[in-house]
Amino acid sequence: MAQEVEGRPLKETLALWTREQARLKARVVVRNTEAWQRDPAFSGLHRVGGVDVSFVKGDSGSACASLVVLSYPELQVLYEDSSMVSLTAPYVSGFLAFREAPFLVDAVQRLQAKEPSLMPQVILVDGNGVLHHQGFGVACHLGVLSDLPCIGVAKKLLQVDGLENNTLHREKIQLLQAGGDYFPLMGSSGAVLGVALKSHDHSTKPLYVSVGHKISLETAVRLTHHCCRFRIPEPVRQADIRSREYIHRTLELPGQAALKDPKAQRPKACPKEGSREPTDEA
DNA sequence: GCGACAG
DNA sequence: ATCTTGTCGC
């Protein structure tokens, strides 16, 4: 039995998605377009967005999509839009945008309708930009569809165009000294597709930053670093935290969980020392 | 058959 | 992505 997407064989769906990616890719802009992007201190930049989608444990169909807007440079949350969504498209590496981007575009449009003055001037996206099989990852996809500057921030290296998470790559990572240090990721074609960025002083694993839309790689890296209180840039981190919390508050109420799940009856004891952020080492 | 595989 | 654990890396 062949996998299908809305009654259409997956193979045909992938053919359609591939054509759509090529069509949208013609509209991507990989350079700075805004005045604040050229400013050494980012003066004129006041609002940075972050997006993420979190999933419900057992159910691969339901998820929570979150868009947050933070003040810059304070990084305080000014706006949040979290909503449950039903995912129809499957996850296929290289086509993440077709699964998640529609809900992120919806969130941007709700913001435009409700609080246009809070529209972010740039969005950090959980995933890749041009560092991608077809050079058009979810950060480019959201950027083109929303017409907003976007930056791709991935937690793992997408091994495309000859890039490999091999011994040499890991050695280069170990040479990164302080937060803000980075090295370029050059594809076999010779083009620099992104960078591996040490996002803060005590982070072991780098961030993989690439251009999404309407921003240069250099600016994208500099801004991403400026948004990092921990390993994951604050806009993406807040979207991740809030989408997760929304799910827990919505369908995993403590009382019900305790009744259903024996393991939930004994809540975990207090953490040993201070509170640590899951995605942040240090 | 085995390894890869953003989220 | 999510769950879970834990202590190199092939």
Inset, instruction - Taking Watson-Crick and G-U wobble pairs with both distances under 3.5 Å, convert DNA chain C into its dot-bracket string, 5' to 3', dots for unpaired and | for cross-strand pairs. - result: ..........

Inset, instruction - Evaluate salt bridge (Lys or Arg N to Asp or Glu O under 4.0 Å) for A:Glu234 paired with A:Arg237, printing each intermediate quantity in order. - result: CA-CA 5 Å; A:Glu234 210 54 20; A:Arg237 182 170 166 269; 2.7 Å; yes

Euclidean distance, atom [atom1] of residue [X] to atom [atom2] of [N] [Å, nearest integer]:
X        : N     : atom1 : atom2 : value
A:Lys156 : C:dA1 : NZ    : C1'   : 9 Å
A:Phe136 : B:dA6 : CZ    : P     : 19 Å
A:Tyr91  : C:dT2 : OH    : P     : 13 Å
A:Leu131 : B:dG7 : CG    : P     : 11 Å
A:Phe95  : C:dA1 : CZ    : P     : 20 Å
A:Phe55  : C:dC3 : CZ    : P     : 12 Å
A:Leu197 : B:dA6 : CG    : P     : 20 Å
A:Glu245 : C:dT2 : CD    : C1'   : 17 Å

Remember a base hit wins even if backbone is also touched, and classify [X] as base, sugar-phosphate or nothing at under 4.0 Å, heavy atoms.
X        : value
A:Val138 : base
A:Asn128 : base
A:Gly152 : nothing
A:Phe98  : nothing

Indicate whether OP1 or OP2 belonging to [N] is found under 4.0 Å from a side-chain N or O atom of [X].
X        : N      : answer
A:Arg170 : C:dC10 : yes
A:Thr167 : C:dC10 : yes
A:Ser54  : C:dT2  : yes

Legend entry - P-based separation of C:dC10 from B:dC5 [nearest Å]: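 Each nucleotide's P atom is 15 Å from the other's.
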
Inset, instruction - Sticking with atom P, work out how far C:dG9 lies from B:dA4, rounded to a whole angstrom. - result: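 C:dG9 and B:dA4 have their P atoms separated by 16 Å.
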
Legend entry - Summary of salt bridge (charged side-chain N to carboxylate O under 4.0 Å, His left out) pairs that have at least one residue in residues 214-225 of chain A, sequence neighbours excluded: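 Qualifying pairs, neighbours excluded: A:Asp147-A:Lys214.
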
Inset, instruction - Please tell me which of the listed nucleotides, B:dG7, C:dT2, B:dA4, lies nearest to the side chain of A:Gln159? - result: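 Closest nucleotide among those given: B:dA4.
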
Legend entry - Closest to the A:Lys155 side chain, choosing from C:dC10, C:dC3, B:dG7: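 Nearest to the side chain of A:Lys155 among the choices is B:dG7.
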
Inset, instruction - Classify the angle between the aromatic ring planes of A:His169 and A:Tyr208 as parallel (below 30°), tilted (30 to 60°) or perpendicular (above 60°). - result: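 Geometry flag for A:Tyr208 against A:His169: parallel rings.
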
Legend entry - Heavy-atom closest contact (A:Ala89 atom, A:Val5 atom, distance):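 Closest approach of A:Ala89 to A:Val5, heavy atoms only: CA-CG1, 4.5 Å.
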
Inset, instruction - Output yes when A:Asp106 and A:Arg110 qualify as a salt bridge under the 4.0 Å nitrogen-oxygen rule, no when they do not. - result: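 No, no charged N to carboxylate O under 4.0 Å.
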
Legend entry - Donor/acceptor link under 3.5 angstrom from A:His133 side chain onto base of B:dA6: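 Not at all, since no donor on one side and acceptor on the other fall under 3.5 Å apart.
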
Legend entry - A:Thr224 side chain reached by A:Leu197 side chain, heavy atoms, under 4.5 Å: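 A:Leu197 reaches A:Thr224 side chain to side chain.
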
Legend entry - Donor-acceptor contact present, side-chain A:Gln159 to main-chain A:Asn166, <3.5 Å: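 Answer holds: no.
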
Inset, instruction - Step through the shown structure and confirm whether more than 12 heavy atoms of other residues, nucleotides or ligands are within 6.0 Å of CD on A:Glu74. - result: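 Check passes, neighbour count above 12.
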
